[in-house]
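Quick notes on the structure that follows.
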Amino acid sequence: MPTDRRRFLAGGAGLALAAPLGLSRPALAQTAGARVLKFIPQSDITVTDPIITTAYVTRNHGFAVFDTLYGFDEDFNAQPQMAEGHTVEEDGKRVTIRLREGLKWHDGAPVLAKDCVASIRRWAARDAIGQALMVRTDALEAPDDRTILFRLKQPFPMLFSALGKPSTPVCFMMPERMAKTDPAQPVREMIGSGPFRWKADERVAGSLAVYEKFADYVPRADGTVSWTAGPKRVHLDRVEWHVIPDASTAAAALSNGEMDWWEQPTADLQPQLRRNRNVVMEIPDPTGLCAIARFNHLHPPFNNPAIRRALLGGVVQGDYMTAVIGTDRSLWKDGNGFFPPGTPLASDVGMEALTSPRDFEKVKRDLAAAGYKGEKVVLMAASDFPSLNALAQVGHDMLTKCGMNVEFVSADWGTVVQRRASKEAPEKGGWSLFFTFFAGLDMINPGVNQPLRGNGQNAWFGWPTMPKVEELRNAWFDAPDLENQQKVARDIQAEAFREVPYLPLGQYFQATAYRRGLSGVPKGFPMFWNVQKTT
C-alpha cells in the first residue's frame with residue numbers, strides 16, 4: 001500500500017544532465033568494491049520495527065535483519081526456514097515446530113523457542129491472519145529450547161503460511177526481550193538472526209542505512225532458493241542503502257556505476273535505462289500492484305450498495321492503467337477482480353461486471369434506478385503522488401460521464417491520508433472516494449486483503465459492513481486444502497461483486513533496475529542474500 005514514504009512514480013528530468021554524485025562515504029574503512037552493494041531504496045526507513053508498520057521499505061529492511069520460521073516460494077507455498085521441520089497430530093490440533101540447530105542472534109546469544117513464542121504473539125497482535133490464528137489457539141508454548149508447540153481449538157490449515165507469508169506485517173523472529181515490547185510501540189533494539197546486521201552507528205537519517213554480513217548466520221543446507229524460501233547464502237560483506245529522492249539523480253548514479261541497484265525506477269526514465277547496455281531491467285514481483293477506488297460506506301451516496309454496483313459498469317481498467325504506466329501492455333493487466341490475476345485464488349466469478357461492453361448511458365439509468373439523486377461525491381486526489389493522481393483524474397472523468405455530481409479535492413498525499421481517517425459526512429470534512437494501490441502479495445487471499453474486510457467500524461478506511469464476506473473469510477481460514485480455499489474465494493468474490501467494497505482498477509508491474517555485474521537478484525522484492533557482485 002502506498003504511504004507518504006513511498007513514491008512510485010516521482011518525476012525526473014532525464015539522464016542527459018546527470019553528473020557523478022560524489023556521494024559521501026562513511027568514515028570507516030571501505031570493503032573491496034565487489035563485496036559492497038550500493039542500493040537505492042524506494043524511500044528512507046523512517047520506522048525500523050517491521051511489526052508496527054505496513055510500509056514496504058520497512059518490510060524489506062526486516063528481511064535483511066530478521067529471519068522467519070517459514071519462507072514462501074514462488075508458488076506461494078510455505079517452506080521451513082528457521083524451522084527444521086514440524087509434526088501435525090491429534091487431527092490437526094497439536095502442531096510441533098522444531099528449530100534448526102546453531103541459530104544465533106546478532107548479539108551472540110542462541111535462538112530459543114521461547115524467543116519465537118514471544119515473537120509470534122507480538123506479530124499476531126498486529127496481523128489479521130495472526131489474530132485469526134490466536135482465536136483458534138488454546139496454548140502456545142516452548143516446552144524446550146528448540147520446540148514450539150501450538151495446541152489448537154480446531155485445525156488451522158493456514159498455520160505455516162501465516163508464519164511464513166511475506167506480506168506485511170511479516171512474522172519475524174526477535175529475542176524475547178524485544179518481542180515482549182508493546183505491539184503498539186517500536187522496539188528499542190535492532191537485533192535479529194538474519195543474514196545481515198543493522199549498523200546503527202553508521203545510520204544517517206534521510207541519507208544512508210548500512211547492513212553488514214552476519215558471520216554467524218547459519219543458512220539452510222537444503223531446499224531451493226525461491227523468494228524467501230531456501231538457503232540464504234551471503235556473498236556480500238556490506239550493503240549500503242543510499243536514499244536519493246530525485247529520480248534523475250538516481251538514474252544517473254545507476255547508469256554511471258556509482259550505484260548498483262535502483263529498487264523502483266520511475267516510468268518516465270525506464271526507456272532510457274533500458275537502452276543502457278550496462279543496466280538490467282526486469283519485473284521482480286509477478287503479483288504486481290493492484291489499484292482500487294475506495295468508497296466511504298458510511299455516508300450517501302456510497303452507503304447504498306446498488307449505487308456502488310452500478311458504477312462497476314463504468315470502469316475501464318485499461319484507461320486507469322494507461323494513465324499510470326503507459327501503453328506498454330507488458331507493464332499492466334486489466335481483467336483484475338478481487339484477487340490478483342495469476343495468483344491461486346483469482347477466478348472469473350462475476351467478472352462480466354467489469355469486462356462486458358461499457359455503456360455510460362446505461363450506468364446513468366442504473367444509478368437513477370438505484371436511488372442516486374445527485375448527492376455530491378467528494379473525490380480526494382493526491383496531487384503530489386503522480387500514480388495516484390493519475391487514477392483520480394481518470395476516476396473523475398468516469399464519474400462525470402456517469403452523471404454524478406463530483407467535487408474534486410486535490411491535496412498532498414499526507415493530507416489525503418489524514419482526511420481518509422475521518423468518519424464525518426463529506427460535507428463536514430469527510431470524503432466519498434479515494435484511490436490507492438496495494439501490492440498483490442497484500443491482496444492475494446482473504447486473510448491479508450485489508451480492503452476486502454467487512455467488519456464495519458473496525459474495517460480499513462471506508463468501513464464496509466459485509467457480514468457474509470466475514471462469514472466466508474472465517475470459512476476460508478478453516479478450509480483444509482487449496483481446492484476448498486479456492487471454492488470459498490470464488491464465493492467471496494461473488495459476494496464482493498454484490499457488495500462492492502471498492503472498484504478494482506487493474507494491475508501494473510513495477511520494474512527494478514540493476515548493474516549487469518550483479519547476479520542472483522531475487523524475484524519478489526529486494527533481498528540481499530544470494531546476490532553476487534563481480535565488480
Side-chain angles (χ1 to χ4, degrees), residues 5 26-28 39 41 43-69 71 81-83 99-100 102-127 130 140 142 145-146 148 163-164 166 168-219 228 232 234 236-241 243 526-529:
R5 300 183 298 275
L28 301 180
F39 173 74
S43 70
D44 193 22
I45 311 167
T46 57
V47 179
T48 55
D49 184 344
I51 301 302
I52 68 166
T53 180
T54 57
Y56 295 134
V57 67
T58 304
R59 183 267 318 269
N60 300 345
H61 153 84
F63 269 106
V65 175
F66 302 99
D67 213 343
T68 55
L69 292 172
Q81 186 53 243
M82 293 173 72
L99 291 175
R100 290 191 286 119
L103 301 178
K104 291 183 180 181
W105 300 114
H106 294 161
D107 60 6
V111 174
L112 303 177
K114 67 178 183 178
D115 299 314
C116 300
V117 166
S119 296
I120 293 169
R121 291 189 182 281
R122 185 170 190 261
W123 158 79
R126 302 283 299 190
D127 182 76
L140 173 57
D145 286 348
R146 288 181 56 203
I148 302 162
L163 297 178
T168 59
V170 176
C171 189
F172 289 119
M173 297 297 104
M174 301 178 176
E176 184 183 40
R177 67 180 184 276
M178 292 170 56
K180 286 187 172 180
T181 304
D182 183 338
Q185 300 297 322
V187 295
R188 296 179 179 274
E189 301 176 84
M190 202 47 46
I191 302 295
S193 65
F196 293 91
R197 295 174 58 248
W198 170 249
K199 292 285 290 174
D201 59 328
E202 296 191 54
R203 169 76 170 134
V204 180
S207 176
L208 181 68
V210 176
Y211 307 83
E212 70 175 13
K213 178 180 179 178
F214 178 38
D216 289 335
Y217 181 74
V218 181
T228 63
K232 298 180 178 180
V234 179
L236 303 164
D237 291 331
R238 180 180 174 93
V239 177
E240 299 175 357
W241 288 24
V243 181
M527 297 168 280
F528 303 97
W529 57 84

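The chain is numbered in sequence order, starting from 1.
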Donor-acceptor pair, distance only, cut-off 3.5 Å: does the side chain of [X] make one with the backbone of [Y]?
X: Arg146; Y: Leu99; result: yes
X: Asp115; Y: Glu176; result: yes
X: Arg59; Y: Val170; result: no

Is any side-chain heavy atom of [Y] closer than 4.5 Å to one of [X]?
X: Pro41; Y: Val243; result: yes
X: Trp105; Y: Met173; result: yes
X: Thr58; Y: Ile45; result: yes
X: Cys116; Y: Val111; result: yes
X: Thr228; Y: Met527; result: yes
X: Phe214; Y: Val234; result: no
X: Pro50; Y: Thr168; result: no
X: Met190; Y: His61; result: yes

Looking at [X] and [Y], what are the two nearest heavy atoms and their distance?
X: Trp123; Y: Leu163; result: CZ3-CD2, 4.1 Å
X: Gln81; Y: Thr68; result: CB-O, 3.2 Å
X: Ser193; Y: Met82; result: OG-CE, 3.7 Å
X: Arg126; Y: Pro183; result: CD-O, 3.2 Å
X: Ser119; Y: Met174; result: OG-N, 2.8 Å
X: Ala113; Y: Ile148; result: CB-CG1, 4.0 Å

Measure the spacing between [atom1] of [X] and [atom2] of [Y] and express it to the nearest 0.5 Å.
X: Lys199; Y: Glu212; atom1: NZ; atom2: CD; value: 4.5 Å
X: Leu69; Y: Cys171; atom1: CG; atom2: SG; value: 6.0 Å
X: Leu236; Y: Tyr211; atom1: CG; atom2: OH; value: 14.0 Å
X: Asp182; Y: Arg122; atom1: CG; atom2: CZ; value: 8.0 Å

**OP:** Could you please spell out the steps behind the side chain to side chain contact (heavy atoms under 4.5 Å, CB included) verdict for Thr53 and Thr46?
**Re:** CA-CA 10 Å; Thr53 180; Thr46 57; over 6 Å; no
**OP:** Mind telling me whether Phe66 and Phe172 have parallel, tilted or perpendicular rings, with 30° and 60° as the class edges?
**Re:**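 Judged by the thresholds at 30° and 60°, the geometry between Phe172 and Phe66 is tilted.
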**OP:** List the steps, then state whether side chain to side chain contact (heavy atoms under 4.5 Å, CB included) holds for Val218 with Lys104.
**Re:** CA-CA 8 Å; Val218 181; Lys104 291 183 180 181; over 6 Å; no
Original post:
How far apart are the C-alpha atoms of Trp198 and His106, what are their side-chain angles, what is the distance that settles it, and do they pass the ring pair (Phe, Tyr, Trp, His ring centres under 6.0 Å) test?
Top reply: CA-CA 9 Å; Trp198 170 249; His106 294 161; over 10 Å; no
Subject >> Partners meeting side-chain hydrogen bond (donor to acceptor under 3.5 Å, both in side chains) with Arg121 (sequence neighbours left out) >> reply: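 side-chain hydrogen bond (donor to acceptor under 3.5 Å, both in side chains) check on Arg121 returns nothing, list empty.
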Subject >> Counterpart residues, ring pair (Phe, Tyr, Trp, His ring centres under 6.0 Å), relative to Phe39 (two or more places apart) >> reply: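 Counting only residues at least two positions away or on another chain, Phe39 forms a ring pair (Phe, Tyr, Trp, His ring centres under 6.0 Å) with Trp241, Trp261, Phe528.
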**OP:** Mind checking ring pair (Phe, Tyr, Trp, His ring centres under 6.0 Å) for Trp529 and listing every partner two or more places apart, or none if nothing turns up?
**Re:**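 Here no residue qualifies.
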Original post:
Using 4.0 Å as the upper bound for N to carboxylate O, is an ion pair formed by Arg197 and Asp216?
Top reply: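 So Asp216 does not pair with Arg197 through a salt bridge.
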**OP:** Answer yes or no: is there an ion pair linking Asp107 with Arg177, defined by an N-O contact shorter than 4.0 Å?
**Re:**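 So Asp107 pairs with Arg177 through a salt bridge.
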